[in-house]
There are 2 protein chains.
Amino acid sequence: MRIGQLAEATGTTTKTLRFYEESGLLPPTERLASGYRDYAEEAVGRVGFIHRGQAAGLTLAQIRQILKIREHGQTPCSHVQGLLGERLRELDAQISELLALRETISQLHEKASKPEPDSCSADQVCRYI
Amino acid sequence: MRIGQLAEATGTTTKTLRFYEESGLLPPTERLASGYRDYAEEAVGRVGFIHRGQAAGLTLAQIRQILKIREHGQTPCSHVQGLLGERLRELDAQISELLALRETISQLHEKASKPEPDSCSADQVCRYI
DNA sequence: ATGAACCTTCCAGTACAGTGGAAGGTCAAG
DNA sequence: CTTGACCTTCCACTGTACTGGAAGGTTCAT
């Protein structure tokens, strides 16, 4: 399987796959006599794992860690659980921040819906912000 | 007022203020004979506006737009209202995405709390992701 | 006069996850 | 034999909001 086919099979681009290899997410493959990369079927699963990890909000660095542990013959279960727990806490923090921000902006937006341009004093840029 | 004093008055750094000037957020000031920047009191308000805009989740590019409109002698009210409305929609979208992600991760995390390493088949990297 | 604290410019780098493009090699069809 | 689609490497750049550091000039107190 050449890189273009793997890209198509996994819904990504050849550029990205080479970038993943360079980043240590995909192991360097065999090469054909021509120098072309020649991927085994497994590569599809591996790229799929990377995408699922991203969909779970993990960074490529975290995904790389999991992959490394797995390559060392260990099962990365507890590590993955740790990462997921961490991600969960981050998400909760991020969500509350965004909810608070939403509140603030919603109020500003409401205020701005009753424009009184004359009350914009010259020394402020905008009375709504 | 020199740049260090403005930085202290606004709770930022001289580096950041020079960066703001270069980015078109702060107008180039008068210079003293020494070449030092010499800020008027207004600059404090201007930097404050930039910070409030950021706190409202606007990007520097959006803040720059508002500032430009104001500099052209117009009151940026309706523009600001538009930006805030846009920001509100983005926030809502972002929040629902994060809530959905939180759901997914929470389930994965739960699953991973009952580890069954043996059921990790060799062809997957991790049964939880 | 000398040292500290301040200022100047310019260049480069940070994190993140790629993307763009140039210059060239390979392969199959027509 | 050539055309087009594919592949290779390498280098540089994207966007966001700064941050770090070098090399040098200024101001003020001692």
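Letters go in sequence order (proteins before strands), and every chain restarts at 1.
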When B/R18 and A/T59 are each assigned the nearest nucleotide of DNA chain C, the 5'-most assignment goes to B/R18
N/O (side chain, [X]) to phosphate O (OP1/OP2, [N]) under 4.0 Å:
| X | N | value |
| --- | --- | --- |
| A/T13 | C/dG18 | no |
| A/R31 | C/dT26 | no |
| B/S34 | D/dG25 | no |
| A/Q62 | C/dA17 | no |
| B/R37 | C/dT8 | yes |

Measure [atom1]/[X] against [atom2]/[N] and give the value in whole Å, please.
| X | N | atom1 | atom2 | result |
| --- | --- | --- | --- | --- |
| B/L58 | D/dT16 | CG | P | 13 Å |
| B/F19 | D/dT19 | CZ | C1' | 10 Å |
| A/E90 | C/dC16 | CD | P | 11 Å |
| B/M1 | C/dC6 | CE | P | 15 Å |
| A/H51 | C/dG18 | NE2 | P | 7 Å |
| B/K15 | C/dA12 | NZ | C1' | 10 Å |
| A/Y20 | C/dG18 | OH | C1' | 8 Å |
| B/E22 | D/dA17 | CD | P | 14 Å |

Nearest-nucleotide pick for A/Q54, side chain only, options being D/dC18, C/dA17, D/dT8: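 Minimum distance to the A/Q54 side chain belongs to C/dA17.
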- Closest listed nucleotide, where the reference is the side chain of A/R2 and the choices are D/dC6, D/dT19, C/dC7: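 Nucleotide nearest to A/R2's side chain: D/dC6.
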- For atom CD of A/E90, decide whether the heavy atoms of other residues, nucleotides or ligands shown that lie under 6.0 angstrom number more than 12.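 Check passes, neighbour count above 12.
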Query raised in the report: Does A/T16 use its side chain to pair, donor to acceptor, with the backbone of A/T12 at less than 3.5 Å?
Result: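 Not at all, since once roles are kept as given, no pair shorter than 3.5 Å links the two residues.
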Review point. Measuring from A/L101:CG to B/R87:CZ, what's the distance to the nearest 0.5 Å?
Key: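 So the CG of A/L101 and the CZ of B/R87 are separated by 6.0 Å.
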On DNA chain D, more 5' by nearest nucleotide between A/G35 and B/L60 is A/G35
Assert: residue with more 5' nearest nucleotide on DNA chain D, out of A/I3 and B/I50, is A/I3
TODO: Check the side chains of A/Q107 and A/E103 for a donor-acceptor pair under 3.5 angstrom, ignoring hydrogens and angles.
DONE: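 Yes, side-chain donor-acceptor contact under 3.5 Å.
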- Query: Counting any heavy atom closer than 4.0 Å, what does B/L32 reach on the DNA or RNA strands: base, sugar-phosphate only, or nothing?
  - Reply: nothing
Checklist line | hbond_proxy A/Y36 side chain to D/dT8 base (donor-acceptor, 3.5 Å cutoff) | finding: no
Nearest heavy-atom approach of A/I66 to A/L58 is CD1-CD1, 4.0 Å
